[in-house]
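Contents: one structure, followed by commentary.
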Amino acid sequence: MSIAILKTIFHYFSLTANPSLHQIKQTHARLITAGYDGDTHFTGQLLAALAQSQSTPFRYSLSILNSTQNPSLFAINNLIRCCAKSESPHEAFSLYSSMCKKPQFRPNNYTFSFLFQACSKFTGLTEGNQIQTHVIKLGFFDNVYIRNALIHLYFTSHDTKCAKDLFDECPSSRDLVTWNVMIAGYAKAGKINDVEKVFDEMPERDVISWSSLITGYMQNGYLEQALDSFKRMIDLQLSPNEAILVTVLSACAQLGLIENGRQIHSTINSLNCQMTVHIQTSLVDMYAKCGYINKARDLFNEMPIKDLSSWNVMICGLAIHGLAMEAIELFEKLLIKGLNPDNVTFIGVLNACSRAGLVNKGRHYFKLMTEKYKITPEMEHYGCMVDLLSRAGLVLDAIELVEKMSTPPDPVLWVTILGACRTHGLIQLGEETGKKLIQLDPNHHGNYIQLSKIYAKSYKWEDVVKTRGMTNDRNCKKIPGWSLIEAHGKIHQFVAGDRKHDMSLEIYKMVDRVNIRVLEAGYSPDLLPILHDLEEEEKVNAIKEHSERLAIAFGLLVIEGGECIRIVKNLRICGDCHEMTKVVSKVFEREIVVRDGSRFHHFKGGECSCQDYW
DNA sequence: ATAGGGTTAG
């Protein structure tokens, strides 16, 4: 093996974005057989190639460095870079510390840049501060790469103030990346006003500035603003990249905005954006979550390359649509393909079982997950199992499972059990569970409501009033329920008793009309869960102003006949609204699809796709 | 010869 060939190979590596570990190892072997083991120049080359590769096994890189007597600074820097990318970034600091003991060691700007990168990965602010003193002493503090990496480190260590001070301190050593780091940092810190301020003030923006702004909105729950920014960006004729498309598709999926999602889909096609596995997966997810499971399935089947997350979104999508058997079949197909399911895959499968009441299958897959695939169940897996067992009436089994857990159970698990006690008439057990739950999680409004409903079921009105009263004393957090509906490209959002909509008057007239029609058709509201001391009429009003009823009334007014009315609700639909919506679908001859906090309900001809199992 | 910032499924 001649030097010329080896040099050519390394030249090829330097031009390759992600040289394979296998090829690098082969070259390493060739170096050894050619007698260049430990050669200073080639050691540096090898480490540079490894630093550029996606897999950066730290032990291997270290052994390469140790094979040479006098490693170059170039080699050391690349080893630190390998380390920063690897699973053990903290090793970079110990490596640096041991290097500092050698008197001839003179770190340069590259060294510090990689070091701060490593510190950000393990949020080693203490280590970072030590390195910072060296940076100042050696006169590298004005280097913009180093400064940006340091600002980034302060943000990842939640020291927003220090990050901002560094940014303000030296306006001359700022570049585009500095501004982008500020946007992303403020976004992670939840300071959305600062995100917007920085974005507006920055002298120029690139695609990452936009991406940071959009994901900043997403991370802080401003989904509509994320979509607005995306539109602004498209209007400016800028090309979105994969990160942005994945993010905005996720916003559409979460909000259930199919018109918006379709528009983004056609934007992707018309802009000649490169289609990737991630984007296709996000499209499948978006269509599934917006209620178009058939479209999602078609897209999934057409995907030339699928990764595990593609399978996961499809399995989870089928599960939320109640297509349990198909979800299970797809899961079995994934196993036959030889893919290894992960924790998310099992959430989808267990969810599917739970939605369809497949108790034995659920137990089987839970066992498969822990025993064969050695996946430690997370709270979500327990959530599915508790749901599955308690809704099937096996409340005692569910309690046993929760009590056997090695980690403290999320109070939500007890909420599920409590709900099941109520539906299965286990009053005594329900009361005990409810009291325990309130002790565990005293600030959650819903817990008191659940317990009061149990009392109502056994006509203990004094306890109902007492329990409800406690919510005021204890300053409980109440998650406001909302429903949204997309009509002619616009989003309309309603909360219970909402009178802010432009068409409010007509909407409430429609609510009354709907009420009369459904009552004529034999629907009778279940008033038990509502406070007993309200006047009869007030009780009816309290239910009839639920946000989904306003959205349905609005849908009946503005969505053309023959078109499906699609509603997205953040919380779970209440039993009474569920009953009423079934009747509405029959008397108004309209298909109504409600995506609630838990799953899809497809109402048609007086029936719901969940078959009342929810 | 070596540098940085943003991303998805529960």
Side-chain angles (χ1 to χ4, degrees), chain A residues 7 10-11 13-14 41 44-45 47-52 72-82 84-85 108-118 120 140 143-153 155-156 175-185 187-188 195 205-216 218-219 226 240-254 276-286 288-289 307-317 319-320 342-351 378-381 383-384 598:
Chain A
K7 284 193 170 164
F10 282 116
H11 184 67
F13 284 152
S14 72
H41 174 79
Q45 294 290 310
L47 286 166
L50 276 168
Q52 217 162 286
S72 62
L73 184 56
F74 178 72
I76 294 167
N77 287 345
N78 276 300
L79 177 62
I80 293 174
R81 192 180 173 202
C82 282
K85 287 173 75 179
N108 63 6
N109 48 333
Y110 293 102
T111 321
F112 292 120
S113 179
F114 297 139
L115 276 173
F116 284 138
Q117 236 176 284
S120 283
F140 291 116
N143 180 293
V144 69
Y145 287 93
I146 294 176
R147 187 167 276 264
N148 290 345
L150 195 52
I151 295 177
H152 187 251
L153 171 62
F155 273 123
T156 52
D175 67 1
L176 182 55
V177 176
T178 324
W179 290 90
N180 288 345
V181 169
M182 294 305 290
I183 296 179
K188 279 235 162 65
V195 169
R205 299 169 191 93
D206 68 358
V207 72
I208 294 185
S209 321
W210 283 94
S211 150
S212 306
L213 175 75
I214 292 170
T215 58
M218 283 293 284
Q219 285 161 350
N241 61 9
E242 185 184 78
I244 293 175
L245 292 168
V246 164
T247 308
V248 289
L249 283 171
S250 162
C252 296
Q254 285 180 47
T276 66
V277 180
H278 297 285
I279 296 174
Q280 282 170 318
T281 301
S282 299
L283 281 168
V284 172
D285 184 48
M286 184 276 291
K289 294 234 175 81
D307 64 11
L308 184 61
S309 46
S310 322
W311 290 82
N312 286 351
V313 297
M314 194 65 225
I315 291 171
C316 294
I320 55 171
D342 68 0
N343 50 347
V344 179
T345 323
F346 278 104
I347 288 168
V349 177
L350 294 176
N351 242 328
E378 296 163 29
M379 208 52 77
E380 285 80 357
H381 300 103
C384 295
S598 160

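Protein chains get the first letters and strands the later ones, always in sequence-line order, with residue 1 at the start of each.
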[N] [atom2] sits how many Å from [X] [atom1], rounded?
X      : N     : atom1 : atom2 : answer
A:F114 : B:dA1 : CZ    : P     : 15 Å
A:K7   : B:dA1 : NZ    : P     : 10 Å
A:I315 : B:dA9 : CD1   : P     : 16 Å
A:Q280 : B:dA9 : CD    : P     : 17 Å
A:I320 : B:dA9 : CD1   : P     : 13 Å
A:M314 : B:dA9 : CE    : P     : 17 Å
A:Q52  : B:dG4 : CD    : P     : 10 Å
A:L245 : B:dT8 : CG    : P     : 14 Å

With heavy atoms under 4.0 Å as the rule, sort [X] into base, sugar-phosphate or nothing.
X      : value
A:V177 : base
A:Q45  : base
A:A184 : sugar-phosphate
A:S212 : sugar-phosphate

Those residues that, when tested against A:F112, pass ring pair (Phe, Tyr, Trp, His ring centres under 6.0 Å) (two or more places apart):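 Residues passing ring pair (Phe, Tyr, Trp, His ring centres under 6.0 Å) with A:F112: A:F140.
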Residue-phosphate contact under 4.0 Å: A:K289 side-chain N/O, B:dG10 OP1/OP2: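 It does, given that an N or O in the side chain of A:K289 lies less than 4.0 Å from OP1 or OP2 of B:dG10.
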Closest to side chain of [X], choosing from [options]:
X      : options              : value
A:N109 : B:dG10, B:dT8, B:dA3 : B:dA3
A:N108 : B:dT2, B:dT8, B:dA9  : B:dT2
A:D342 : B:dT7, B:dT8, B:dA9  : B:dA9
A:V144 : B:dG4, B:dG10, B:dT8 : B:dG4
A:N78  : B:dA3, B:dA9, B:dT2  : B:dT2
A:N148 : B:dA3, B:dG4, B:dG10 : B:dG4
A:K188 : B:dT2, B:dT8, B:dT7  : B:dT7

Stacked pair A:Y145-B:dA3, distance under 5.5 Å, angle under 30°: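 Base of B:dA3: stacked against A:Y145.
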What I'd like to find out is whether the side chain of [X] reaches to under 4.5 Å of the side chain of [Y], using heavy atoms alone.
X      : Y      : value
A:I76  : A:L47  : no
A:S310 : A:V277 : yes
A:L50  : A:N78  : no
A:W179 : A:M182 : no

Least distance between heavy atoms, A:S211 atom then A:A243 atom: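 Looking at all heavy atoms of both residues, the closest pair is OG-CB, 4.2 Å.
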Check: B:dT7 base within 3.5 Å donor-acceptor of A:H278 side chain: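 Side chain to base: no pair below 3.5 Å.
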Polar pair under 3.5 Å, donor/acceptor by atom type, side chain A:D175, base B:dG4: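 Checked by distance alone, the answer is yes.
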